[in-house]
Amino acid sequence: MVRDSRAMSMSQYLWSAAEALRLQVRPTIMDNAPRDALDNSIRVLTAVANALEPASPVPTPASFASAEIADCDRLNGPPENAAAHRQTGHAIAKLASAIETSGDYAGSDARSAIAWEGAMLTASVARFDAIERAEPVAAGKDGSQIEPAALEKYLRIWTKDEALTLQNFKLVTGGRSRQTALFEVTGGDALPRAMVIQRGIPGQHVSSSFVDERTQFALLKMLHAAGMRVPRPILVEEDEAPLGARFLLVERSPGSPALTDYWGNVTSETLVLDLAREMAKLHAQPIDALVGTLPISRADASITGWRAEIDRLAGEWTSLAHWPSLTMSAAIAWLRDNVEALDERRAIVHNDMVFHNILGEDGRITAVLDWEQANIGHPGEDLGYCYPYVSAVVDWDRFMATYREAGGPEVSQRQIDFFALRGGLRLMTLVLQGGRESFEKGLSNDVLVASAGAHFTQRLLHRIAGVLDTVLARG
């Protein structure tokens, strides 16, 4: 097995998955047989996680320091000994062999070794129990979820209507920096009946790549007035006291998510062409009113500035990746060779304007959601980012023709290729830096963040490889 000197290891991913299954899945299963199967699966996960730990839960005594710390060849599966962690397994084997050879299990050295292993066994089993016997925490009671009663109290004060009631409150799967819930109200004439709340996660540092709630509110207000299909903003609250974090309320738009699986593909051509029209409207909006409020993706939009960005992203990939990649090395080299194709145009860009962030109904877009990554950048950023999704459904030239007819600017294929690869590289560094690294340092045990670090990165690398193949085929 490969030795790991990081503070966290692959075991953390397994601990996180086991905890999520125990706290979030088990309470929903009523039948005994599936519950027993789940419980045994959780036990397997914790046992393997324990075996992969890079360091023992109890420090190795100084007197055992001479015991070689090396890969333990016998650790090909979960060990019978819960204390046989990756770095301590060899030490345990060496000390056990000494007892077997000498027959001395009562001497001071042997007794110390036995006590040391016993302490590790106790610590390991205690961690098993912490996961396997954990009681689910009621949603909204630990401060990590939006509490409906607190929201209702806030809205009563805001509307000056003590009769207002909140109904049908439902948390929905959201992103890694915001929590989202759907709800309805009765009373409160100043409010629409059906609304959506987006709240920051209490105590979680939000990356500077994300815009704050006040800026999102102003942007949505401008885009809604311009006729874009975006949710109508209702209010923004920057005081963290009422709900534990800042939040934004918008009117709920009709329709349902066009895509629930980030890696899937939509099938409706009319929906895809609607994306071209909405993107064109966005890129045609004036930016003057938002300069100084909306972030600018880079201070220097010249070729020199673009080269500096590619160098920065490449450096982040190199320092954060667990292993080199021919795909990423080739993509970075292509970006460096083709940066001269860019120009200094600027527009409002969404930065994640693809179908998991879109509501649709009857094959038409009803709303473009999640504006937390919006900034002022090049229109090709949005076009390149959506390229893999769009080209899987409709001919790209047809999409671009629709985009230009709706008022979008001319963007060359070379520029789109650049931004398609640059978008993959940028997203990869965001996931590595904003998610996986914090998880592996022990700053988060959220299974969604674990999934991003373990699964999303591999799927993203595969997608980048597909884009690269198409780009290189063009010559």
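Any value given below was found using the heavy atoms of this structure, including those in side chains, with hydrogens, waters and symmetry copies removed.
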Any donor-acceptor pair under 3.5 Å linking the side chain of R436 with the backbone of L320?
yes

Report yes or no: does S319 contribute a side-chain atom to a donor-acceptor pair with the main-chain N or O of G315 at less than 3.5 Å?
yes

Could you check whether F399 and Y387 have their ring centres less than 6.0 Å apart?
no

Which heavy atom in P27 sits nearest to a heavy atom in R35, and how many Å separate them?
CA-NH2, 4.5 Å

Pair listing, side chain to side chain donor-acceptor pair (under 3.5 Å) test, anchored in residues 455-473, at least two apart:
Y389-R463

As a quick check of understanding, evaluate side-chain contact (heavy atoms from CB on, under 4.5 Å) for E19 and I42, giving each step before the final call.
CA-CA 8 Å; E19 184 176 50; I42 292 169; over 6 Å; no

Say whether, by atom type as modelled, one donor and one acceptor occur between the side chain of T270 and the main chain of R364 under 3.5 angstrom.
no

I want to check something: taking the side chain as every heavy atom from C-beta on, are L223 and K281 in contact at a cut-off of under 4.5 Å?
no

Side chains of H356 and P257: does their closest heavy-atom pair fall under 4.5 Å?
no

Please report the shortest heavy-atom distance between L460 and G424, naming the atom on each side.
CD2-O, 3.9 Å

4.5 Å side-chain heavy-atom contact, R404 and E410
yes

Can you tell me how far the CG atom of L219 sits from the CG atom of L282, to the nearest 0.5 Å?
7.5 Å

Hey, does the side chain of E278 reach the backbone of R229 with a donor-acceptor pair shorter than 3.5 angstrom?
yes

Check: T46/E132 side-chain N/O donor and acceptor closer than 3.5 Å:
yes

Spatial distance of atom CG (D417) from atom CZ (F419) [nearest 0.5 Å]:
11.5 Å

Run the numbers on E344 and S302 for side-chain contact (heavy atoms from CB on, under 4.5 Å), then give the verdict.
CA-CA 6 Å; E344 297 190 35; S302 69; 3.8 Å; yes

Yes or no on side-chain contact (heavy atoms from CB on, under 4.5 Å) for L430 and Q373, after CA distance, side-chain angles and deciding distance?
CA-CA 11 Å; L430 281 175; Q373 292 190 62; 3.8 Å; yes

Is it the case that atom CZ in R474 sees more than 12 heavy atoms from other parts of the structure closer than 6.0 Å?
yes

Would you confirm whether S438, through its side chain, and G435, through its main-chain N or O, come within 3.5 Å as a donor-acceptor pair?
yes

Do D382 and N351 meet the criterion of a side-chain donor-acceptor pair at a distance under 3.5 Å?
no

For a quick test of reading the model, state the closest non-hydrogen atom pair linking W317 to W323 and the distance between them.
CZ2-O, 3.9 Å

Has R277 got a side-chain atom pairing as donor or acceptor with A406's backbone, closer than 3.5 angstrom?
no

Take D212 and Q216 through the test side-chain hydrogen bond (donor to acceptor under 3.5 Å, both in side chains) and record every step on the way to the result.
CA-CA 6 Å; D212 61 32; Q216 289 185 62; over 6 Å; no

Quick check against the 3.5 Å criterion: does R252 have a side-chain atom that pairs as donor or acceptor with the backbone of V196?
no

Look up atom CG in D397 and atom OG in S391, then write down how far apart they are to the nearest 0.5 Å.
11.0 Å

I'd like to know whether the aromatic ring centres of F456 and Y262 sit less than 6.0 Å apart in this structure.
yes

What distance separates R199 CZ from T180 OG1, expressed to the nearest 0.5 Å?
10.5 Å

First locate atom OG of S124, then atom CZ of R127, and finally report the distance between them rounded to the nearest 0.5 Å.
9.0 Å

Rounded to the nearest 0.5 Å, the CG atom of L468 sits from the CH2 atom of W334 at a distance of 9.5 Å

Do we see a donor-acceptor contact under 3.5 Å between the side chains of H350 and N357?
no

Centroid-centroid under 6.0 Å between Y403 and H283 rings:
yes

Verdict with supporting geometry, W371 and V230, side-chain contact (heavy atoms from CB on, under 4.5 Å)
CA-CA 10 Å; W371 292 84; V230 299; 3.6 Å; yes

Please determine whether a side-chain nitrogen of the Lys or Arg among E309 and R422 lies less than 4.0 Å from a carboxylate oxygen of the Asp or Glu.
yes

Ignoring hydrogens and angles, state whether a donor on the side chain of R414 or N338 is under 3.5 Å from an acceptor on the partner side chain.
yes

Would you say the side chain of L432 lies within less than 4.5 Å of the side chain of E316, judging by non-hydrogen atoms?
no

Restricting to non-hydrogen atoms, name the atom on S297 and the atom on G377 that form the minimum distance, rounded to 0.1 Å.
OG-CA, 3.5 Å

Heavy-atom check, side chain of R346 versus side chain of I296, under 4.5 Å
yes

Here the pair of heavy atoms bringing A17 nearest to V447 is CA-CG2, 4.0 Å

Verify whether one side chain among R345 and Q415 offers a donor that lies under 3.5 Å from an acceptor in the other.
yes

How are the rings of F418 and W306 set to each other: parallel, tilted or perpendicular (split at 30° and 60°)?
perpendicular

Quick one: do the E381 and N375 side chains pair a donor with an acceptor below 3.5 Å?
no

Answer yes or no: is there a donor N or O on one side and an acceptor on the other, between the side chain of T402 and the main chain of L273, under 3.5 Å?
no

Just wondering, do W116 and L95 contact through their side chains at under 4.5 Å, heavy atoms?
yes

Looking at E269 and V394, what are the two nearest heavy atoms and their distance?
CG-CG1, 3.5 Å

Going by heavy atoms in the side chains, are V349 and H378 under 4.5 Å from each other?
no

Are side-chain heavy atoms of L38 and R22 found at a separation under 4.5 Å?
no

